[in-house]
Amino acid sequence: QKEVEQNSGPLSVPEGAIASLNCTYSDRGSQSFFWYRQYSGKSPELIMSIYSNGDKEDGRFTAQLNKASQYVSLLIRDSQPSDSATYLCALNPDSSYKLIFGSGTRLLVRP
Amino acid sequence: EAGVAQSPRYKIIEKRQSVAFWCNPISGHATLYWYQQILGQGPKLLIQFQNNGVVDDSQLPKDRFSAERLKGVDSTLKIQPAKLEDSAVYLCASSFELQDTQYFGPGTRLTVL
């Protein structure tokens with residue numbers, strides 16, 4: 001079992017819709033979770049970090065964490081074509097500060 | 001504030017050749033990371049430095065890969081000899097300290113023929 005699992009997609013949504021990206025993980029000791037956005041041919045950039053169960057909102061983005069279900073999600077409201085990218089879920093396993101990444105979900109926002 | 005710098009941006013080599021990548025982190029960042037990202041996959045950590053000491057190199061193929069950060073600032077990653085499966089983007093990242101946000105450089109795209 002991979003440590004961080006994501007559906008590779010592509011997830012296609014119309015402009016203005018809510019995009020929902022999901023991630024499951026295997027290490028129950030993981031404490032910190034991150035969502036990175038990666039445009040084609042570019043390097044990853046951090047969008048959100050979440051450390052506690054529940055929701056965390058930042059502008060159009062909401063991260064959701066459920067440690068009991070070992071599940072992290074990212075919601076993008078009012079999706080824009082410029083949101084089209086690969087979204088990488090990452091975590092710090094145990095007390096380590098290294099990042100373990102999933103393979104990413106490709107999001108396509110149709111104009 | 002200047003970002004993480006990497007060079008070269010692209011490199012094409014034959015298998016069994018050697019190659020080296022260079023990274024200069026954001027000024028003042030103590031922690032430096034090298035990741036390998038194979039097409040269609042997420043980045044995989046190869047080695048993590050705190051100043052000039054190695055924190056984690058558990059996934060570095062030490063028979064062919066080496067990395068150093070002698071003065072605790074810039075770093076080099078070397079592959080010798082390269083294999084076809086080493087074709088990937090090599091990303092350098094840095095953070096102020098271990099627990100802080102990691103900022104990625106533009107990467108070096110390596111093609112091994």
(request) List the atom of L88(A), the atom of G42(B), and the distance in Å for their closest heavy-atom pair. (result)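 Here L88(A) and G42(B) meet closest at CD2-CA, 4.1 Å.
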
(message) Using modelled atom types and a 3.5 Å cut-off, is there a donor and acceptor pairing between side-chain atoms of S43(A) and backbone atoms of G107(B)?
(response)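 Checked: no pair found.
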
(request) Verify side-chain contact (heavy atoms from CB on, under 4.5 Å) between K98(A) and S58(B), making sure each step is shown before the conclusion. (result) CA-CA 11 Å; K98(A) 68 181 182 183; S58(B) 57; 3.9 Å; yes

(message) Within this structure, what is the CG-CD distance for the pair L99(A) and Q48(B), rounded to the nearest 0.5 Å?
(response)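 It is 8.5 Å, given to the nearest 0.5 Å.
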
(message) If I take atom CG from residue L45(B) and atom CZ from residue F101(A), how far apart are they, to the nearest 0.5 angstrom?
(response)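 These two atoms lie 9.0 Å from each other.
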
(request) Measure distances from F34(A) to the heavy atoms of chain B and classify the residue's part below 4.5 Å as side chain, backbone, both or neither. (result)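 Neither; nothing under 4.5 Å.
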
(request) Could you tell me which portion of Q6(A) (side chain, backbone, both or neither) has an atom closer than 4.5 angstrom to a non-hydrogen atom of chain B? (result)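 No part of it gets close to chain B.
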
(request) Start with the C-alpha distance between L46(A) and Q102(B), add both sets of side-chain angles, then the distance that settles side-chain contact (heavy atoms from CB on, under 4.5 Å), and finish with yes or no. (result) CA-CA 8 Å; L46(A) 182 67; Q102(B) 295 183 31; over 6 Å; no

Is [X] close to chain A through its backbone or its side chain, or both, or neither, when contacts mean heavy atoms under 4.5 Å?
X	result
L98(B)	both
Y35(B)	side chain
P106(B)	backbone

Would you find more than 12 non-hydrogen atoms of other residues, nucleotides or ligands less than 6.0 Å from [X] atom [atom1]?
X	atom1	result
Q80(A)	CD	yes
Y10(B)	OH	no
Y103(B)	OH	no
R106(A)	CZ	no
K62(B)	NZ	yes
L39(B)	CG	no
F96(B)	CZ	no

(request) Using a cut-off of under 4.5 Å on heavy-atom pairs, state which of P44(A), S8(A), G41(A) scores highest against chain B. (result)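 Heavy-atom pairs under 4.5 Å are most numerous for P44(A).
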
(message) Are I50(A) and M48(A) linked, directly or through intermediate hydrophobic residues, by side-chain heavy-atom contacts shorter than 4.5 Å (ILVMFWY only)?
(response)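 Yes: a chain of side-chain contacts under 4.5 Å links M48(A) to I50(A).
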
